[in-house]
Amino acid sequence: MSKPPRFDLLLVLLFTVIALASNSVTVATPITQQFKEAPQFYNSPDCAVLVDEDESDGEASILCSDQAVHVAMTLDTAYIRGSMAAILSVLQHSSCPQNIAFHFIASATANASFLLATISSSFPYLNFRVYPFDDSSVSRLISTSIRSALDCPLNYARSYLANLLPPCVRRVVYLDSDLVLVDDIAKLAATPLGDDSVLAAPEHCNANFTTYFTPTFWSNPSLSLTFANRKPCYFNTGVMVIDLDRWREGDYTTKIEEWMELQKRIRIYELGSLPPFLLVFAGNIVPVDHRWNQHGLGGDNFRGLCRDLHPGPVSLLHWSGKGKPWARLDANRPCPLDALWAPYDLLQTPFALDS
């Protein structure tokens, strides 16, 4: 079941800009993207009832419920179009969409009013909260990488989820903004983590693991022993199931920061926020079926060329790499698989209003 779309988003954004101006806040960039309202999605009859009808703050209770599926994503103006498509895909393929709680991490310096208005207008029934992320908490630790987009402080927010989200959120599925699901996210969220594992993700043990670190790292006797007694494999950090209780107990944010501090002194890797995760977790994660992260559809980090799917079934399509489907579609130079992202695009074009 779905409700008819409404067309008041432009008005909402106009009031947002006026409100910002009245508070003497300078809007750094013009708001040019407008999005359609998504259909409302309802739970199937066998879904758990997480909110009583008489409960005054049902959204708040879902945001802390152990029975809810908790999803964490970053949110910014540069990738908002991808985020909107990802949210729609999660809801559309969920059997219990009303039991999903979204936790969005946004830079503390971002235009929060615009982000809130955009999400609320396109998804008026969404259970969500936006958490401010202090860029300065990680900026001092970031080293330049092979692609400038990887150096954005918000790209490192996944390392701070345990600090940013309330303690009542004990397990979360982290998702990048350049992906869409074509399966029920509850299946991924239910991944067993065993007695002591902190996170789960699809592993790729055929990848050449040594290439993720510099010769300086491998030639240093003490550093190269980091993976002793482990069988490390590459995993993409754009799709992870994380036990936040265990993360907090093990203080894994500090462990990641310690590797970033070392990187500032000795160049031991080249690829942004991924290598610290590999240094801390590779060889100690629960492997997830590859269907849950068909990654690399954005090509490599330099040219963003078209790529095919990996063999096997697909539950999640991920445009990691330089090429993003919305940019290629706008440039009329799409890759074949970009057509699978297009149905989830909520961008409202001025000449294609829904009737």
Side-chain angles (χ1 to χ4, degrees), residues 38-39 41 43-44 46-47 69-73 82-97 99-100 102 158 171-194 197 199-209 231-243 274 277-278 281-300 304-321 323-326 328-329 334-345:
F41 298 96
N43 283 353
S44 59
D46 57 347
C47 295
V69 173
H70 294 276
V71 178
M73 300 175 65
S83 301
M84 301 290 277
I87 296 166
L88 176 59
S89 73
V90 170
L91 296 174
Q92 183 169 320
H93 295 284
S94 172
S95 57
C96 302
N99 292 357
I100 300 176
F102 285 87
R158 70 196 79 192
R171 173 187 282 232
V172 71
V173 178
Y174 175 81
L175 298 176
D176 272 352
S177 297
D178 52 358
L179 53 78
V180 294
L181 277 82
V182 292
D183 203 345
D184 193 337
I185 195 171
K187 299 176 185 177
L188 176 61
T191 301
L193 289 176
S197 294
L199 66 82
E203 285 186 317
H204 297 272
C205 296
N206 292 329
N208 185 353
F209 190 79
K231 294 182 179 179
C233 295
Y234 161 76
F235 65 94
N236 180 278
T237 56
V239 180
M240 298 183 288
V241 181
I242 305 173
D243 187 311
L274 170 65
F277 263 85
L278 297 179
F281 292 110
N284 289 327
I285 73 170
V286 172
V288 176
D289 193 293
H290 289 175
R291 68 188 302 153
W292 286 105
N293 193 352
Q294 286 270 350
H295 71 292
L297 303 185
D300 60 26
L305 301 178
C306 298
R307 285 185 177 175
D308 293 328
L309 288 173
H310 306 290
V314 179
S315 291
L316 185 151
L317 298 152
H318 187 188
W319 280 262
S320 57
K324 302 307 174 188
W326 55 90
R328 295 193 294 215
L329 287 164
C335 293
L337 291 176
D338 294 346
L340 299 177
W341 180 89
Y344 302 97
D345 187 10

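Quick note: residue numbers are just sequence positions, from 1.
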- prompt: Does the side-chain hydrogen bond (donor to acceptor under 3.5 Å, both in side chains) test come out yes or no for Asn293 and His318, once each step is laid out?
  reply: CA-CA 6 Å; Asn293 193 352; His318 187 188; 3.0 Å; yes
field: Stepwise side-chain contact (heavy atoms from CB on, under 4.5 Å) check, Leu317 with Leu309
entry: CA-CA 9 Å; Leu317 298 152; Leu309 288 173; 3.4 Å; yes
side-chain contact (heavy atoms from CB on, under 4.5 Å) evaluation trace for Asn236 with Ser320: CA-CA 9 Å; Asn236 180 278; Ser320 57; 4.1 Å; yes
If I take atom [atom1] from residue [X] and atom [atom2] from residue [Y], how far apart are they, to the nearest 0.5 angstrom?
X	Y	atom1	atom2	answer
Leu199	Asn284	CG	CG	9.5 Å
Trp319	Leu340	CH2	CG	6.0 Å
Tyr174	Ile242	OH	CD1	8.5 Å
Phe102	His70	CZ	NE2	12.0 Å
Phe209	Glu203	CZ	CD	10.0 Å
Cys335	Leu305	SG	CG	8.0 Å

- request: Let me see the working for Phe235 and His204 under side-chain contact (heavy atoms from CB on, under 4.5 Å), right down to the final yes or no.
  value: CA-CA 6 Å; Phe235 65 94; His204 297 272; 5.7 Å; no
task: Assert yes or no for the condition that the ring centre distance of Tyr234 to His295 is strictly below 6.0 Å.
output: yes
query: Relative to the ring of Trp341, is the ring of Trp326 parallel (under 30°), tilted (30 to 60°) or perpendicular (over 60°)?
result: tilted
task: Check step by step if side-chain contact (heavy atoms from CB on, under 4.5 Å) holds for Leu175 and Val71.
output: CA-CA 7 Å; Leu175 298 176; Val71 178; 3.8 Å; yes
Measure across [X] and [Y] and return the closest heavy-atom pair with its distance rounded to 0.1 Å.
X	Y	answer
Gly296	Arg307	O-CD, 3.0 Å
Pro202	Val239	CD-O, 4.2 Å
Leu91	Pro97	O-CB, 3.8 Å
Ala86	Met73	CB-CE, 3.7 Å
Ala201	Met240	CB-CG, 4.4 Å
Val69	Ala189	CG1-CB, 3.9 Å

message: If you count every heavy atom of other residues, nucleotides or ligands that lies below 6.0 Å from Asn208 atom CG, does the total exceed 12?
response: yes
Under the 3.5 angstrom rule, does the side chain of [X] hit a backbone N or O of [Y] as a donor-acceptor pair?
X	Y	result
Asn99	Cys96	no
Asp184	Ser94	no
Gln294	His310	yes
Ser89	Leu181	yes
Ser197	Gly194	no
Thr237	Leu274	no

Check whether any side-chain heavy atom of [X] lies under 4.5 Å from a side-chain heavy atom of [Y], and answer yes or no.
X	Y	result
Leu188	Val288	yes
Leu88	Phe41	yes
Val182	Tyr344	yes

query: Charged N to carboxylate O under 4.0 angstrom, Asp243 versus Arg171?
result: no
field: Residue pairs involving residues 173-182 (criterion salt bridge (Lys or Arg N to Asp or Glu O under 4.0 Å); sequence neighbours excluded)
entry: Arg158-Asp176, Asp178-Lys324
- request: List for me each residue that meets side chain to side chain donor-acceptor pair (under 3.5 Å) alongside Lys187, sequence neighbours excluded, and say none if there are none.
  value: Asp183
